[in-house]
4 protein chains.
Amino acid sequence: MNGGRAPREPGGHAGGEPEKRRAILHAAVHVFAEKGYQGCRIADVARAAHVAYGLVYHYFRNKDELLESVFAEQWAILMNAIQAIDEGPGTAADKIAGIYGFVFDVYKTAPSAVRVLILEVTRTTHALRAGSTRETFERAVQLVADVVRQGQGRGELKPELDPVIAATAILGALELAVSGMVVGIVPARTEEEIDRAKRQATELVLGGLRAGG
Amino acid sequence: MNGGRAPREPGGHAGGEPEKRRAILHAAVHVFAEKGYQGCRIADVARAAHVAYGLVYHYFRNKDELLESVFAEQWAILMNAIQAIDEGPGTAADKIAGIYGFVFDVYKTAPSAVRVLILEVTRTTHALRAGSTRETFERAVQLVADVVRQGQGRGELKPELDPVIAATAILGALELAVSGMVVGIVPARTEEEIDRAKRQATELVLGGLRAGG
Amino acid sequence: MNGGRAPREPGGHAGGEPEKRRAILHAAVHVFAEKGYQGCRIADVARAAHVAYGLVYHYFRNKDELLESVFAEQWAILMNAIQAIDEGPGTAADKIAGIYGFVFDVYKTAPSAVRVLILEVTRTTHALRAGSTRETFERAVQLVADVVRQGQGRGELKPELDPVIAATAILGALELAVSGMVVGIVPARTEEEIDRAKRQATELVLGGLRAGG
Amino acid sequence: MNGGRAPREPGGHAGGEPEKRRAILHAAVHVFAEKGYQGCRIADVARAAHVAYGLVYHYFRNKDELLESVFAEQWAILMNAIQAIDEGPGTAADKIAGIYGFVFDVYKTAPSAVRVLILEVTRTTHALRAGSTRETFERAVQLVADVVRQGQGRGELKPELDPVIAATAILGALELAVSGMVVGIVPARTEEEIDRAKRQATELVLGGLRAGG
DNA sequence: CATGAATGAGCGTTCATTCAT
DNA sequence: TATGAATGAACGCTCATTCAT
């Protein structure tokens with residue numbers, strides 16, 4: 001594309017996403033994670049993104065839409081990972097362990113992202129109810145429920161469990177484990193501590209799911 | 001605990017807690033549950049309590065203290081229940097089942113209370129960090145962790161689990177299960193549906209904890 | 001009223017209108033007249049009323065409602081005057097002259113009020129369309145149209161005129177005469193100049209209305 | 001007049017006014033008439049003109065100048081008509097009737113234009129005070145006043161009337177008659193209704209002016 | 001000429017908190 | 001105790017204007 005023309009792509013874009021929009025979204029993740037929904041001011045995001053106040057409103061209709069986008073993006077990443085794990089090889093236990101592994105690994109390098117992902121999901125219930133957040137979350141539950149169903153079909157997991165409730169518990173345990181780290185109840189200062197928490201949480205939830213438990 | 005309570009013996013009724021204070025607290029539970037932290041305005045609470053605006057500030061230093069008190073009260077109820085269950089007879093599994101049973105039962109008659117208890121705990125992290133909420137929450141984790149430790153001591157639960165992480169997962173699964181009901185992912189319209197969700201969630205988490213799983 | 005009780009009526013009221021509300025409304029008339037709808041900032045009104053910013057929103061839902069109230073009040077005064085003139089004695093010509101006289105007289109002592117009354121009526125059409133302004137204006141037209149009808153009934157005014165159109169013209173001529181004074185096209189610095197403009201305008205419009213003209 | 005026009009011969013078409021500038025001006029008339037001064041956003045005009053945002057600022061220094069130009073253009077049309085009528089044959093009454101006729105006729109085919117012409121004249125007083133609008137308006141008044149003077153000189157109109165005040169009333173009655181149609185007080189849905197309103201208004205004002213009334 | 005991204009001051013509105021009674 | 005009027009800082013959003021290309 002753009003063959004022969006001047007190779008411009010300055011402050012703008014060329015079929016892709018404007019870099020300033022990226023910067024805003026990127027900054028929003030951190031500010032949002034740091035200060036929560038109510039404490040996350042547009043001015044903070046703009047400043048963190050080294051961008052003029054008004055530009056936020058050039059790319060996003062309003063605060064809700066901006067934070068919805070943050071949600072959507074973070075969840076999209078997680079969803080892709082879950083789906084890839086889901087469609088890949090391995091037992092149901094492997095896959096669930098894989099999901100846990102992914103989230104804990106991301107936490108090591110980008111705790112803010114995980115924080116948004118996990119901590120704020122249920123939080124802003126009302127304000128964002130109309131948005132796509134809830135559907136996205138439901139889809140995640142369904143995706144994990146599918147993993148459970150497959151595992152039940154292969155006789156790996158307890159057949160009597162309701163897959164949706166099981167999926168809820170799987171993600172719930174994951175959420176509070178990460179919450180615990182974020183809040184400081186569960187120690188997670190070193191990589192080893194994080195790995196330890198990961199192993200424990202994984203073991204715990206898998207123990208409840210395995211057939212013949 | 002007496003957090004935020006007026007120091008001198010208040011109330012027009014001598015000896016007890018002033019009824020207006022009660023009304024405010026009571027109203028706050030519902031408004032808080034209904035609208036969340038940010039959406040919960042002092043004016044709403046006062047109106048719902050059929051009390052003058054300023055009276056809220058007579059009994060509570062500020063918004064945070066009011067909502068802290070709501071937390072504290074709801075958690076106190078749960079803590080007492082947990083403690084009673086803890087100190088009572090039965091295996092660790094019985095006790096954990098008892099805790100789950102208690103929360104789900106309260107949900108049947110007072111979903112607002114549970115909503116506050118569960119949904120808002122991690123939410124308002126930053127705003128309330130200075131307050132007693134976190135300590136209360138930690139104490140709950142420790143209480144459950146004690147149950148786990150006791151169970152491990154008696155050989156009922158897997159000895160290799162970190163009690164704190166286990167407790168975190170126990171409450172985490174509980175949280176998201178209830179969240180699921182509140183948000184509507186998990187069906188909970190009838191008493192039977194709620195009981196079913198309770199059984200499933202209990203089974204799931206206990207499966208992960210039992211020794212020889 | 002208030003017999004025997006402590007004669008309090010401090011910053012408050014006693015069955016009447018709070019004085020601060022009065023002050024805000026009073027200030028709004030001037031600021032509105034001075035700067036027009038768009039230029040009239042809430043901050044200006046508050047400052048002019050020697051009142052805190054937020055108090056404006058204590059008494060008025062928003063800017064539109066405030067300015068609607070200004071309209072309503074000014075028009076109410078005019079309407080009362082018109083109605084009194086209408087119901088009083090005299091020929092239709094006397095009554096129309098009376099209305100003109102009233103408006104020009106008010107202009108001498110309170111040009112701001114007239115300015116709001118006249119200049120801004122049609123102006124903020126869209127913003128205030130939903131409000132009561134238009135209905136009020138229509139009522140004024142009807143009231144004047146009634147005067148015309150009565151005059152036609154008594155043979156004083158041309159019978160072939162549509163009373164509504166006549167009323168529209170009567171008020172229109174009045175409006176632009178006053179507009180002319182406000183804007184400076186028609187000289188109105190001294191009381192004499194104002195009276196001269198009044199006489200001329202009255203004569204002009206009456207000339208068009210009188211039977212056998 | 002050339003107010004606000006790009007100095008050098010513009011347009012891709014050599015010799016005339018650039019068509020984009022035309023489009024902007026044309027669009028501005030409608031948006032302005034539709035939304036009023038404050039509601040008329042540059043973005044709206046640009047969109048309606050199918051032109052890039054920034055181009056508006058290429059042809060006009062700022063919003064005020066754009067809307068001044070709209071005024072100027074519309075008034076120029078009216079002024080030319082008035083002047084032609086003025087310099088043409090006929091009595092003063094004929095000429096005034098001609099002016100009324102012109103405005104009402106334009107209203108039939110381009111109500112937006114008349115709306116701008118009439119409704120917004122006095123409105124934006126302050127914002128545009130520095131501009132040429134007022135002078136233009138004053139010139140219109142003078143032009144009509146000249147017609148009155150001529151009529152007085154020929155003994156057709158009452159000699160005792162101040163020509164300026166008379167002109168003010170003539171235009172005032174015209175304004176409110178049209179305003180009434182625009183706002184909906186005076187019925188103007190069919191051509192017949194418009195014509196009826198025209199005749200009534202004309203008769204009314206001429207009745208006030210004719211000598212021996 | 002033409003584009004539209006980028007800027008930032010300005011303003012309406014909310015709402016926790018205080019205060020006079 | 002109880003009331004609710006009064007305060008003002010804070011923040012979301014708009015939109016005229018500029019600028020780089």
Side-chain angles (χ1 to χ4, degrees), chain A residues 6 8-13 18-21 24 38-46 50-64 66, chain B residues 6 8 10-12 18-21 38-46 51-64 66, chain C residues 6 8-13 18-21 24 38-46 50-64 66, chain D residues 6 8 10-12 18-21 38-46 51-64 66:
Chain A
R8 73 167 176 84
E9 187 157 346
H13 49 106
E19 64 177 21
K20 297 278 178 106
R21 196 192 134 99
I24 292 168
Q38 52 162 326
C40 172
R41 287 164 293 171
I42 297 293
D44 292 338
V45 174
H50 297 292
V51 144
Y53 196 110
L55 198 61
V56 177
Y57 285 88
H58 183 73
Y59 286 115
F60 303 93
R61 191 186 308 280
N62 53 33
K63 186 178 176 178
D64 275 14
L66 169 62
Chain B
R8 287 170 305 117
E19 61 177 23
K20 298 272 180 116
R21 194 192 133 101
Q38 50 162 326
C40 173
R41 287 163 295 174
I42 297 291
D44 292 337
V45 174
V51 143
Y53 207 122
L55 200 60
V56 177
Y57 281 87
H58 184 73
Y59 285 117
F60 302 93
R61 189 190 312 280
N62 53 33
K63 185 179 178 179
D64 277 10
L66 169 61
Chain C
R8 73 165 178 85
E9 187 159 346
H13 50 108
E19 63 177 21
K20 297 280 178 106
R21 195 191 134 100
I24 292 167
Q38 52 163 324
C40 173
R41 284 165 294 169
I42 298 292
D44 292 338
V45 174
H50 297 293
V51 142
Y53 199 114
L55 198 62
V56 176
Y57 284 89
H58 184 73
Y59 286 115
F60 303 93
R61 192 188 307 283
N62 52 35
K63 186 178 177 179
D64 275 13
L66 169 61
Chain D
R8 287 172 303 117
E19 62 178 21
K20 299 272 179 121
R21 195 191 133 100
Q38 52 163 322
C40 172
R41 288 163 295 176
I42 297 292
D44 292 337
V45 174
V51 144
Y53 207 121
L55 199 60
V56 177
Y57 281 88
H58 184 73
Y59 285 114
F60 303 93
R61 188 190 312 281
N62 53 33
K63 185 178 175 177
D64 276 11
L66 168 62

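First the proteins, then the strands, lettered A, B, ... as listed; each starts at 1.
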Novice: Taking all non-hydrogen atoms of both residues, which atom of A:K63 and which atom of A:Q38 are closest, and how far apart?
Specialist: NZ-O, 3.9 Å

Novice: Pick the closest DNA chain F nucleotide for B:A52 and for A:G39 by heavy atoms, then say which residue is nearer the 5' end.
Specialist: B:A52

Novice: Any side-chain N or O of A:Y59 below 4.0 angstrom from OP1/OP2 of E:dA5?
Specialist: no

Novice: Do A:K20 side-chain atoms and A:V56 backbone N/O form a donor-acceptor pair below 3.5 Å?
Specialist: no

Novice: Just the rounded figure in Å: distance from P of F:dA6 to CZ of C:R21.
Specialist: 12 Å

Novice: Which salt bridge (charged side-chain N to carboxylate O under 4.0 Å, His left out) pairs, counting each pair once, include a residue from residues 51-62 of chain C, with sequence neighbours left out?
Specialist: C:R61-C:E65

Novice: Tell me the stems DNA chain E sits in, counting at least three consecutive Watson-Crick or G-U wobble pairs, each under 3.5 Å on both distances.
Specialist: E:2-21 with F:2-21

Novice: What is the distance from atom NE2 of C:H50 to atom CD1 of C:I24, rounded to the nearest 0.5 Å?
Specialist: 12.5 Å

Novice: To the nearest angstrom, how far is B:H58 atom NE2 from F:dA5 atom P?
Specialist: 19 Å

Novice: To the nearest Å, give me how far apart CG (C:L55) and P (F:dA9) are.
Specialist: 15 Å

Novice: Quick one: pull up CG in A:L55 and OH in A:Y53 and give me the separation to the nearest 0.5 Å.
Specialist: 12.5 Å

Novice: Which nucleotides of nucleotides 11-16 of chain E have their base under 4.0 Å from a protein heavy atom (B), which only their sugar-phosphate (S), and which neither (-), written as one string 5' to 3'?
Specialist: SBBBSB

Novice: Taking side chain as C-beta onward, heavy atoms only, is A:L66 less than 4.5 Å from A:I42?
Specialist: yes

Novice: First locate atom CZ of B:R41, then atom CG of B:D44, and finally report the distance between them rounded to the nearest 0.5 Å.
Specialist: 4.0 Å

Novice: If you only use heavy atoms from C-beta on, which nucleotide in F:dT7, E:dA6, E:dA2 is closest to the side chain of A:K20?
Specialist: E:dA6

Novice: Distance check needed: E:dA20 P versus C:E19 CD, whole Å only.
Specialist: 15 Å

Novice: Quick check: closest heavy atoms across A:F60 and A:R21, and the distance to 0.1 Å?
Specialist: CE2-NH1, 3.6 Å

